[in-house]
Amino acid sequence: MTDVPDVSLNDGRTIPQLGFGVFQIDPAETAQAVRTAIELGYRHIDTAEMYGNEKEVGEGVRSSGLDRDDVFVTSKLNNSFHRPDDARRAFDGTLEALGFDHVDLFLIHWPLPTRYDGDFVSTWKTMEEFYRDGRARSIGVSNFTPHHLRRLARETEVIPSVNQVEVHPFFTNDDVRAYGAEHGIATEAWSPIAQGGVLDDPTISTIAERVGKSTAQVTLRWHVQLGNIVFPKSVTPERIKANAEIFDFSLTDEDMAMISGLDKGEAGRTGPNPDTFDMIPD
Ligand SMILES: NC(=O)c1ccc[n+]([C@@H]2O[C@H](COP(=O)([O-])OP(=O)(O)OC[C@H]3O[C@@H](n4cnc5c(N)ncnc54)[C@H](OP(=O)(O)O)[C@@H]3O)[C@@H](O)[C@H]2O)c1
């Protein structure tokens with residue numbers, strides 16, 4: 001793998017622009033998948049309490065033989081735990097499951113504005129505690145829209161280092177990315193290939209043929225050139241390898257514009273709208 005660029009965060013730390021996502025990887029397969037990704041050069045893993053595989057992510061990192069500090073690990077606060085005391089217990093549980101004394105990045109997974117009396121502010125203030133005590137080296141949010149972020153800016157002290165949101169060619173999420181760019185919040189793009197949905201697109205396929213790469217690689221390269229942080233998920237070693245081979249070619253401005261032009265707005269979402277999503281697991 002060619003060297004992966006680091007993205008600078010607003011708290012002085014850095015994050016590898018390419019990582020490995022483990023959503024929907026069976027816990028039984030997770031340690032091996034993480035180990036394969038690390039062997040292939042990945043140094044950034046994205047998990048969440050909600051994915052049920054934090055323990056296996058920790059095992060995979062340890063089994064790689066690398067030092068803990070050589071791998072950037074993100075996890076997320078599950079939707080059931082937004083109240084401060086629950087969040088404190090949940091964060092302890094995340095560290096215990098991973099078997100680490102810190103995470104590199106901890107996120108509020110969803111804002112849940114229709115739950116908890118609309119209060120994600122006290123949740124964020126609790127995240128600030130984890131940042132200040134050093135157990136979360138960086139803190140951020142996921143699925144926040146500009147009006148959620150404006151509220152945090154008004155009512156809390158630490159600006160989120162990242163906002164992890166759905167972004168891919170069919171849902172370019174421009175207003176959220178623009179808010180982040182303006183306020184120093186790095187954008188992490190989840191479902192970067194729309195869970196495979198963009199792979200048969202004729203526009204991307206034509207570009208892929210011309211540059212001699214796959215449609216997945218071209219799509220991931222589009223993200224990289226936009227400045228997004230990406231962590232495609234795969235349990236297939238050949239795909240894990242190929243998804244990292246995106247730093248040895250570039251797209252022209254015209255290619256970039258054509259791919260961005262595939263945006264379908266709201267109709268392009270594969271996941272829920274953060275303003276209405278209210279799922280709290282049992
Ligand atoms: N914060 C949030 O709310 C949120 C929501 C969703 C996702 N995420 C994060 O974002 C990560 C990535 O998103 P995602 O897992 O939803 O979707 P994704 O990475 O866009 O797509 C994963 C799917 O694409 C397939 N795939 C991967 N590479 C491929 C390639 N080179 N060629 C063909 N098919 C390929 C995988 O199949 P195989 O595995 O069978 O190879 C899998 O079915 C997640 O793992 C998670 O870490 C966060």
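Atoms within a ligand are numbered from 1 in the order they appear, just like the ligands themselves.
- Ring geometry for Y179 against H183 counts as parallel: the plane angle stays under 30°, on a 0 to 90° scale with 60° as the upper cut.
- Between atom 36 (C) of ligand 1 and the options Q217, K233, Q164, E166, the minimum heavy-atom separation is to K233.
- The atoms of ligand 1 that sit less than 4.0 Å from any heavy atom of A216 are 30 (C), 31 (N).
- Residue nearest to atom 3 (O) of ligand 1, selected from N143, D46, V235, L220: N143 (by heavy-atom distance).
- Here the shortest heavy-atom distance to atom 29 (C) of ligand 1, taken over R239, Q195, E29, belongs to R239.
- By the criterion of a heavy-atom distance under 4.0 Å, both the backbone and the side chain of S234 are placed next to ligand 1.
- Residues H44 and F20 place their aromatic rings such that the two centres sit no closer than 6.0 Å.
- Here is the list of ligand 1 atoms found below 4.0 Å of a heavy atom in H109: 1 (N), 2 (C), 3 (O).
- A 6.0 Å sphere centred on CD of E254 holds no more than 12 heavy atoms belonging to other residues, nucleotides or ligands.
- Nearest heavy atom pair, residue E188 against residue Q164, reads OE1-NE2, 2.8 Å.
- The aromatic rings of F106 and F91 lie tilted to each other, with the angle between the two planes from 30° to 60°.
- Heavy-atom separations between F20 and ligand 1 are all 4.0 Å or longer.
- Set against the non-hydrogen atoms of T236, the atoms of ligand 1 under 4.0 Å away are 38 (P), 40 (O), 41 (O).
- Note: Y116 and H82 have parallel aromatic rings, judged against thresholds of 30 and 60 degrees for the angle between ring planes.
- Counting the atoms of ligand 1 from 1 in the order shown, those under 4.0 Å from a heavy atom of I193 are 18 (P), 20 (O), 21 (O), 24 (O), 26 (N), 27 (C), 28 (N), 29 (C), 35 (C).
- If you run side chain to side chain donor-acceptor pair (under 3.5 Å) between R135 and each of D92, D101, T94, only D92 comes through.
- P192 counts as a contact of ligand 1, since one of its heavy atoms falls under 4.0 Å from the ligand.
- At least one heavy atom of A194 sits less than 4.0 Å from an atom of ligand 1.
- For the residues F277, W190, F23, F231, the heavy atom positioned nearest atom 5 (C) of ligand 1 is part of W190.
- Each of R83, R89, R88 was evaluated against D86; a single residue qualifies, R89, per the side chain to side chain donor-acceptor pair (under 3.5 Å) test.
- Counting heavy atoms closer than 4.0 Å to ligand 1, residue N243 contributes side-chain atoms (C-beta onward) but none from N, CA, C or O.
- Atoms of ligand 1 lying under 4.0 Å from any heavy atom of W110, numbered from 1 in the order shown and given with element: 3 (O).
- Residue P232 has at least one heavy-atom neighbour below 4.0 Å for each of these atoms of ligand 1: 19 (O).
- Residue T187 is tested with V7, V165, V162 for a side chain to side chain contact (heavy atoms under 4.5 Å, CB included); the sole match is V165.
- Residue contacts with ligand 1 for L199 involve side-chain atoms from C-beta outward but no N, CA, C or O (heavy atoms, distance under 4.0 Å).
- Pairing each heavy atom of P274 with each of W110, the nearest pair is CA-CZ3, 4.0 Å.
- There is a side-chain donor-acceptor pair under 3.5 Å between H168 and E166.
- Protein heavy atom nearest atom 14 (P) of ligand 1, with residue, atom name and distance: S191 OG, 3.7 Å.
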